[in-house]
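First comes the structure, then the notes that go with it.
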Amino acid sequence: MVESPCVASCRLNSDKLCVGCYRHISEIVDWNKRTDEQNIDILQKVAKRKHFAVSHNVPQGETSPITQAEWQAAKFLTRT
């Protein structure tokens, strides 16, 4: 099983990207239900996002905690 990149700092920016782990909310929900290959693909995207954000000093902007409604909506979209 591929370990989650979660750093227990869940805050979403306006693009619904967690500024703690650099995963999109749709990549966060159901992490444990995905295959290792799917999670490895997500981790590769995370690495690129993090590298870009750090190397270009991208500001986080306004962030907010993940709400239950956002979580449920993302969960619904990943299962359709």
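Remember, predicted model here, so these are calculated numbers, not experimental data. Position 1 is the first residue of the sequence, and the numbers go up from there.
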- Query: Between the main-chain N or O of Phe52 and the side-chain N or O of His56, is there a donor-acceptor pair closer than 3.5 Å?
  - Reply: yes
Rounded to the nearest 0.5 Å, the CD atom of Glu3 sits from the CE atom of Met1 at a distance of 10.5 Å
For residues 14-23, please give each side-chain donor-acceptor pair under 3.5 Å, one per line with the distance, not counting sequence neighbours.
| residue | atom | partner | partner atom | Å |
| --- | --- | --- | --- | --- |
| Lys16 | NZ | Glu70 | OE2 | 2.4 |
| Arg23 | NH2 | Ser4 | OG | 3.3 |

Across all chains, not counting sequence neighbours, the salt bridge (charged side-chain N to carboxylate O under 4.0 Å, His left out) partners of Lys45 are Asp41
**Asked** Ile25, Trp31: one ILVMFWY side-chain cluster at the under-4.5 Å cut-off?
**Response** no
Of all heavy-atom pairs linking Arg34 and Glu27, the shortest is NH1-O, 3.2 Å
Here the pair of heavy atoms bringing Val2 nearest to Asp36 is N-OD1, 3.2 Å
Open item on the list: Is the shortest side-chain heavy-atom distance between His24 and Leu12 below 4.5 Å?
Closed with: no
Q.
Count I, L, V, M, F, W, Y as connected when their side-chain heavy atoms are under 4.5 Å apart, and connections chain through other members. Are Ile42 and Ile40 then in the same cluster?
A. yes
Review point. If you group Ile, Leu, Val, Met, Phe, Trp and Tyr by side-chain heavy-atom gaps below 4.5 Å, do Leu43 and Val54 land in one group?
Key: yes
Note to self: Counting C-beta onward and ignoring hydrogens, is there a side-chain heavy-atom pair between Arg79 and Asp30 closer than 4.5 Å?
What the structure shows: yes
